Amino acid sequence: MSNSLNVNQDEIAKFEQVASQWWELDGDFKPLHQINPLRRQFICQHVGDIFDKEIIDVGCGGGILAESLAQLGAKVTGIDMGQEPLNVAKLHALEAGVNVDYLKITAEEQAQQHPEHYDVVTCMEMLEHVPDPASIVNACAHMVKPGGYVFFSTLNKSLKAYLLAIVAAEKVFKLVPNGTHDHKSFIRPSTLISWAESFDLKCIDAAGIHYNPITENHKLTSSLDVNYILCCQRL
Amino acid sequence: MNNSEQNASTSNTKDAQHFDVVISGGGLSGALMALSLSSLVTHQQTPLKIAIIEANPVLTDPSQSFDDRVLALSHGSAAYLESVGAWQYLKNHAEPIKNIHISDRGHYGKARLYAKHHQVDALGYVAEMSFIGSALLKTLATKNNITWFAPDSIANVQWQPEQVNVELNSATQLTTALLLACDGAQSACRKFANISTTSRDYQQSALIANVATAIHHKNIAYERFTQTGPIAMLPLSTLPQSNSTSVNGQQSSAGRCSLVWTLTPELAEDMLNLSDDEFAAQLEKSFGRWLGNITQVGKRAVYPLKLLQATEQVYHRMALIGNASHTIHPIAGQGFNLGLRDVRDMTQVIKQALANGQDIGSFSNLIQYAKSRQQDQKQVIGLTDSLVTLFSNQLPPLVVGRNIGLKVMNYLPVLKNALVKKTMGY
């Protein structure tokens, strides 16, 4: 079965190794902690009230986004294929007294079992870590209810993204572990949008997530050059 | 908004009283929040129905005592209190700060700030908390859209998509579109929503006391850096007569000041245990002779310098205001001014939603509040942090509380104007 799964074992291994770091606010995942409020803000701007909404976070990792959504009263499921990050996520949710359902399952399988089930699907910083990202986009489109929202964020396939996400973030400032990203897996917004639209999603907004490694300032911008986030609505 | 009173919920809200806004806590920020919202009207031009839940009986006219705790109000805070109609009851009890005098013991540096250079009558004011509270209550008493539940407290909060059900310990049931948590550092609402807090301990303590001095302060606020830590002396009103015992025997008191002395926790503890005479001598030695002898020492209290911040500002149909969201100890000065700006921004967000005929409790409105507060809180709290790190070795951190965050100017003159603005509350 594992051969047919849309999973890159090397990528999983990478995240297993650093799992203990997920909730260290000054650790390897510090940039994620810093941009998380922006991602959540972008989601809430479009969805409005997420209280009581069924949300699934695809590729939830240690649960930074999933837990922050549950914190606002959403009914959140987090799925990932890395066991260690899931363990960390479960433990942290327990400590924080927040209810999140964490499962080890692929997006494709989950979509098969729960078609048109969720009000909101989020898939953040995940597409660049799988062999077949289009298949994930398809699965996300399947899981969401008609009229529901799907959010994707990933890294643009641009020179600037290469310079910032790999050269600066990994090599110079060592913000994230070496080898976190592979530029070949980065996805242009136009590519991602065309995948989404081929699976009955309509892209209704896009924003860039700007992160300055020196000042640690972060904000949503209109430039999709590096890290960007899309909001799609299911037709 | 809540036509479907009964949905599949467990609690019975049939007999519940509905309010547009329920405010948890009737202290300074809760009373100000209610006052600030009391003049808003809904899309149908009707006033908002507001409830306040307060654990203590609502207090009547305060009696003044030498040891009353005071707050520094920035110029902007005073202007806001005026705009909500409360200043008229407070102005005779608020001592203006006309000048600020900054000095550094053993160093050459000295700085002075004058209100008149900034085209204002006062850079800020110092007033007893009890008078601020009573001014707010007097103004609130003139409004007829406020319902008090006091003494009472929240037993349970139940969130539903379209409303919040609030159950009081008196068994009264309330429903509301928006719950505002003005219930202080130990906020019950914050706990019901399971919002966690982060805290930062500055490893410093603030010793607070009111003292009388032989020379009148002439409305000057003093900030003095000493080897033991920064000392702030804020001008207070002179009491009609004081019958407490004086120290140093002979001398009569001309003025009263509020002292905030930032010390290491150990030193603060030592100072607390000194006799009044010994303490006065220590203070004179460190502060200098600017105000002559210390002729009377009031009750001393020590607070650890701590910053407590909620990890979320808003929740479903709920927002944290003032100390419930961020507490900078000792509770005073910037802390209250910052809380007042929470109230101001929340009011603005609700006013906007009402004008547009929107649901005031909707999350998209509440995140507007969270966003607008973020920057301000970051700045003020960042200022505390940077002062702590900048001066942590030689000059221990400054109480952003009542010393009104002004001392940086002495070291970074460029920032002077910007800081005066921030201090004045703009």
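Chain letters run A, B, ... following the sequence lines, proteins first, then strands; residues in each count from 1. All heavy atoms count here, side chains included; hydrogens, waters and symmetry mates do not. Please read all numbers here as calculations on a predicted model, not as lab measurements.
In terms of modelled atom types and a separation under 3.5 Å, the side chain of A/Gln71 and the main chain of B/Asn194 share a donor-acceptor contact. Panel note: side chain A/Asp49, backbone B/His316; no donor-acceptor pair is recorded below 3.5 Å.
Of the inter-residue distances, the one linking B/Lys371 atom NZ with A/Gln45 atom CD reads 4.5 Å to the nearest 0.5 angstrom.
Residue A/Asp200 qualifies as enclosed at atom CG: its count of foreign heavy atoms under 6.0 Å is above 12. Counted within 6.0 Å of NZ on B/Lys351, heavy atoms from surrounding residues, nucleotides or ligands total 12 or fewer; the atom is thus considered open. Residue A/Gln112 places its CD atom among 12 or fewer non-hydrogen atoms of other residues, nucleotides or ligands, all under 6.0 Å distant. Around the NE2 atom of A/His142, the shell of radius 6.0 Å holds no more than 12 heavy atoms that belong to other residues, nucleotides or ligands.
Residue A/Val98 touches chain B through both its backbone and its side chain, counting heavy-atom pairs closer than 4.5 Å.
Looking at heavy atoms from C-beta onward, B/Phe363 lies in side-chain contact with A/Leu72 at the 4.5 angstrom threshold.
Note: A/Phe51 and B/Tyr315 have perpendicular aromatic rings, judged against thresholds of 30 and 60 degrees for the angle between ring planes.
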